[in-house]
Amino acid sequence: MSNIELSEQELIRRGSLQKLRDLGINPYPANEFKVNVTANQILTTFNPEIPNLQEVVFAGRLMGQRIMGKASFGELQDETGRIQIYISRDEICPGEDKTLYNEVFKKLLDIGDIIGVNGYVFITQMGETTIHVKNFVLLSKSIRPLPIVKEKEGKTFDAFTDPEQRYRQRYLDLIVNPHVKEVFLKRTKMINQMREMFNERGYVEVETPILQPIPGGAAARPFVTHHNALNMPLYLRVANELYLKRLIVGGFEGVYEFSKDFRNEGMDRTHNPEFTVMEIYVAYKDYNWMMDFTEEMIERVALALHGKTSITVGDKEIDFKRPYKRITMFDAIKEYTGIDISEMDENALREVCLKIGVDCDNTMGKGKLIDEIFGAKCEGNYIQPTFVTDYPVEMSPLCKKHRNNPELTERFELMVNGKELCNAYSELNDPIDQLDRFQEQLRLSEKGDNEAMFIDMDFVRALEYGMPPTSGMGIGIDRLTMLMTNSVSIQDVLLFPQMKPEKRAEEDPIEKYLELGIPTEWVEVLMKMGYKKISQLKEVKPGKLFNDLCGFNKKNQLGLSNPAANDVTQWLN
RNA sequence: GACUCAGUAGCUCAGUUGGUAGAGCACAUCCCUUUUAAGGAUGGGGUCCUGGGUCCGAGCCCCAGCUGGGUCACCA
């Protein structure tokens with residue numbers, strides 16, 4: 001980047017960088033810097049009566065500076081928080097040479113620089129726990145100014161809030177918005193809790209293919225890619241269900257995976273094209289067992305994160321204390337519409353839809369119609385955790401038929417805050433039934449249902465060898481994190497949410513300008529003035545360009561010697 | 001995908017029938033020195049998202065586009 005593109009503050013910082021080097025200070029030293037304490041440890045353990053922490057070594061990012069002649073204060077931020085530092089000139093510079101204080105600390109350090117200090121901890125007259133610095137060393141120079149966020153009495157000033165910048169430059173968000181880090185620490189803690197619980201029970205964490213020849217296990221539009229050596233299409237997985245069940249066939253009796261899945265669909269507050277799902281499969285269990293297991297898991301997560309089961313989500317209070325309400329889908333529909341659909345056929349259901357104002361069309365089968373009614377009239381009402389069970393067979397091609405009713409399946413979804421959080425089955429292990437269901441999906445697909453599943457014949461073959469009765473459950477980790485951290489957007493629980501690429505203005509390479517005989521220094525000027533392409537340049541009159549160039553030179557005090565009007569004319573020919 | 005709101009200094013934001021581009025913080029210079037977002041004084045800093053149009057004149061009005069937010073639709 002040429003200097004002409006930089007803001008004044010960036011230029012000043014680059015100047016400071018050079019001055020530091022001139023003073024023999026390496027702004028990016030290589031050696032290890034051994035700290036022996038964190039900000040949080042200092043703030044929580046310092047006791048002025050002992051006193052402890054009299055030889056601390058600390059490193060962090062300089063987030064504030066209050067310079068006052070012979071003595072200064074600053075704030076350093078490490079992973080655990082912020083701590084004030086106190087620096088006095090004559091301690092840092094005991095001799096005649098006061099450069100380290102007057103120049104380096106006061107002028108050449110900037111907010112954002114990472115420094116290491118050693119000294120002792122004390123409490124100022126104002127009652128602030130502070131490191132009294134005996135020495136400091138620059139560990140990394142920051143040449144781009146940070147947004148300055150200030151806080152007093154819980155009130156935030158000049159908060160860095162632009163969502164676009166926060167998501168695109170998450171590193172910046174994390175530096176200046178400490179509460180953001182909390183969300184991600186909770187996310188990790190949540191995942192660790194779940195993993196711990198599964199491992200305690202002897203279930204095995206596995207990894208299954210992300211690149212799949214058949215994108216099975218869910219009905220969703222996949223991302224497609226191509227393998228060159230095999231010359232075949234491959235799909236990013238939309239689910240890992242069929243692979244985990246193959247492992248149950250292979251003799252594992254409990255397997256789980258935290259799985260990044262990919263769906264080529266719309267993006268909004270609750271959908272990102274890549275997202276995380278935890279799926280677990282346990283042999284010799286059924287969906288009733290899995291409901292108990294799921295309750296236990298979620299209650300455990302809530303307790304680990306909040307120390308209690310009742311959590312505020314938006315304007316609602318949600319209690320994750322088990323047991324959760326269990327209701328069949330038919331009863332749920334009866335509860336909210338007053339209509340008993342349990343004996344109805346497709347036509348009767350379509351009439352119900354018309355009567356209660358639920359959109360439907362002729363491509364919809366029985367299962368889809370029921371799903372629409374449930375989605376429109378019931379789903380949003382389940383704020384407290386509720387297991388909705390026994391879905392119609394048409395909607396659940398991988399799920400075992402209900403032991404008491406072949407039109408239903410042994411499936412449950414856990415609804416929380418009006419949305420689906422978990423999905424679980426007594427897994428279908430009858431290979432002949434499975435093939436029938438896949439073929440039914442194919443028929444639905446031909447009928448126009450673009451959400452129907454692909455057929456995976458190898459999976460059917462695996463079932464033919466015999467899969468033990470198994471229950472499986474999948475839970476959206478991003479959605480669970482949103483609930484547990486009271487976040488309204490999936491972007492707030494993903495470190496790097498998907499964004500459209502930043503648009504960069506097209507520009508011709510410098511060589512093209514040089515070919516026209518334009519000197520390098522003037523190419524930079526032209527770029528800065530907005531002539532990013534030769535074609536733009538060709539459209540302007542030489543006289544105007546000449547005037548503009550000289551004017552720009554003068555206004556910005558570039559100190560260049562102006563070209564001759566004739567030269568400019570030559571360039572444009 | 002539809003509708004809607006927004007984009008102005010490094011950050012947060014003002015900007016009056018359309019008439020010389022503003023504030024606070026940050027930055028620079030100087031003065032002061034144990035301060036709690038902000039000591040004092042002075043100063044520098046702008047592609048008003050981009051491209052068209054209307055107009056004597058556009059940050060402002062009109063059209064198109066880009067990026068983002070919100071609502072809805074879609075999302076077993």
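Keep in mind it's a predicted model, so treat the numbers as computed, not measured. Below, chain A is the first sequence line, B the second, and so on; all start at residue 1.
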Give every pair of a protein N or O atom and an N or O atom of nucleotides 7-12 of chain B that lie under 3.5 Å apart, one pair per line with the distance.
unit_1, atom_1, unit_2, atom_2, d
G10(B), N7, Gln9(A), NE2, 3.3

Exercise. Given that both distances must come in under 3.5 Å, which nucleotide forms a Watson-Crick or G-U wobble pair with A6(B)?
Worked result: U67(B)
Exercise. How long is the line joining CD of Gln498(A) and P of U67(B), in whole Å?
Worked result: 13 Å
Exercise. Touch check for Gln125(A), heavy atoms < 4.0 angstrom, all strands: base, sugar-phosphate only, or nothing?
Worked result: sugar-phosphate
For this session: Test side-chain hydrogen bond (donor to acceptor under 3.5 Å, both in side chains) on Glu410(A) and Tyr391(A) and set out the steps.
Result: CA-CA 7 Å; Glu410(A) 297 209 350; Tyr391(A) 285 59; over 6 Å; no
Exercise. Rounding to a whole Å, what distance do you find between Asp268(A):CG and G1(B):P?
Worked result: 14 Å
Exercise. Can you tell me the Watson-Crick or wobble partner of G59(B), both distances under 3.5 angstrom?
Worked result: none
Exercise. For Arg411(A), which contact category applies under a 4.0 Å heavy-atom criterion: base, sugar-phosphate, or nothing?
Worked result: sugar-phosphate
Exercise. So does Glu128(A) reach the base of U35(B) with its side chain, donor to acceptor, closer than 3.5 Å?
Worked result: no
Exercise. When the C1' atoms of G22(B) and U16(B) are considered, how many whole Å apart are they?
Worked result: 13 Å
For this session: Taking atom C1' in both G15(B) and A9(B), compute the distance separating them and give it to the nearest angstrom.
Result: 14 Å
Exercise. Mind checking whether Phe122(A) and Tyr86(A) have parallel, tilted or perpendicular rings, split at 30° and 60°?
Worked result: perpendicular
Problem set entry | G44(B) - base-pair partner by Watson-Crick or wobble geometry, distances under 3.5 Å | none
Give me the distances for all protein-to-nucleotides 69-71 of chain B N/O pairs that come in under 3.5 Å?
unit_1, atom_1, unit_2, atom_2, d
G69(B), OP1, Gln491(A), OE1, 3.1
G69(B), OP1, Gln491(A), NE2, 3.1
U71(B), OP1, Arg269(A), NH1, 3.4
U71(B), OP2, Arg269(A), NH1, 2.7

Exercise. Taking CD from Glu440(A) and P from A76(B), how many angstroms apart are they, rounded to a whole number?
Worked result: 18 Å
For this session: Test Phe58(A) against every option in Ile85(A), Val121(A), Asp78(A) by the side chain to side chain contact (heavy atoms under 4.5 Å, CB included) rule and name the one that passes.
Result: Asp78(A)
For this session: Evaluate the side-chain hydrogen bond (donor to acceptor under 3.5 Å, both in side chains) criterion for residues Glu407(A) and His402(A): first the C-alpha distance (whole Å), next the side-chain angles of each, then the deciding distance (0.1 Å), finally the verdict.
Result: CA-CA 7 Å; Glu407(A) 304 228 316; His402(A) 197 281; over 6 Å; no
Exercise. Got a sec: does the NZ of Lys134(A) have more than 12 other heavy atoms crowding it under 6.0 Å?
Worked result: yes
Problem set entry | Gap in Å between the two C1' atoms, one belonging to G53(B) and one to C60(B), rounded | 15 Å
Problem set entry | Nearest-Å distance for atom pair CD/C1', residues Gln169(A) and U67(B) | 14 Å
For this session: Assign Tyr86(A) to base, sugar-phosphate, or nothing according to its heavy-atom contacts below 4.0 angstrom with the strands shown.
Result: base
Exercise. Mapping Thr124(A) and Met395(A) onto RNA chain B by nearest heavy atom, which one lands closer to the 5' end?
Worked result: Thr124(A)
Problem set entry | C49(B) to U8(B) separation - C1' atoms, rounded to the nearest Å | 10 Å
Exercise. How close or far is atom P of U50(B) from atom NZ of Lys500(A), stated in whole angstroms?
Worked result: 19 Å
Problem set entry | Between C1' of A76(B) and CG of Leu428(A), the distance in whole Å | 15 Å
Problem set entry | Non-hydrogen atoms of Ser426(A) and Tyr287(A) that approach each other most closely | OG-N, 3.0 Å
Exercise. Once you round it to whole Å, what is the distance between C1' of A76(B) and CZ of Phe438(A)?
Worked result: 13 Å
Exercise. Should the pair Phe223(A) and Phe262(A) be assigned to parallel (<30°), tilted (30 to 60°) or perpendicular (>60°) ring geometry?
Worked result: perpendicular
For this session: Using the P atoms only, state how far A73(B) lies from C13(B), rounded to an integer number of Å.
Result: 30 Å
Exercise. Do Glu241(A) and Tyr243(A) have side-chain N/O donor and acceptor atoms under 3.5 Å apart?
Worked result: no
For this session: Write down the partner of G1(B) under the Watson-Crick or G-U wobble criteria, each distance required to be under 3.5 Å.
Result: C72(B)
Exercise. Nearest-Å distance, CD (Gln77(A)) to P (U36(B))?
Worked result: 21 Å
For this session: Rounded to whole angstrom, note down the C1' distance from G24(B) over to G45(B).
Result: 15 Å
Seminar exercise, completed: Note: for Asp371(A) and Arg13(A) on RNA chain B, the residue whose nearest nucleotide lies more 5' is Arg13(A)
For this session: Assess Arg411(A) against Tyr425(A): is NZ or CZ under 6.0 Å from the centre of the six-membered ring, and within 45 degrees of the ring's axis?
Result: no
Exercise. Which nucleotide in the set U35(B), C27(B), U67(B) lies at the smallest distance from any side-chain heavy atom of Ile12(A)?
Worked result: C27(B)
For this session: Kindly indicate, with the supporting measurements, whether the criterion side-chain hydrogen bond (donor to acceptor under 3.5 Å, both in side chains) is fulfilled by Ser396(A) and Arg437(A).
Result: CA-CA 9 Å; Ser396(A) 314; Arg437(A) 304 265 203 105; over 6 Å; no
Exercise. Say you pick atom P in G40(B) and the same atom in C32(B); how far apart are they, in whole Å?
Worked result: 16 Å
For residues 124-131 of chain A, which side-chain N or O atoms pair as donor and acceptor with protein atoms under 3.5 Å away, sequence neighbours left out?
unit_1, atom_1, unit_2, atom_2, d
Thr124(A), OG1, Met126(A), N, 3.3
Thr124(A), OG1, Gly127(A), N, 3.4
Thr124(A), OG1, Glu128(A), N, 3.1
Thr130(A), OG1, Gln84(A), NE2, 3.0
Thr130(A), OG1, Glu128(A), O, 2.8

For this session: Write down the distance separating the P atoms in A58(B) and G68(B), rounded off to the nearest Å.
Result: 30 Å
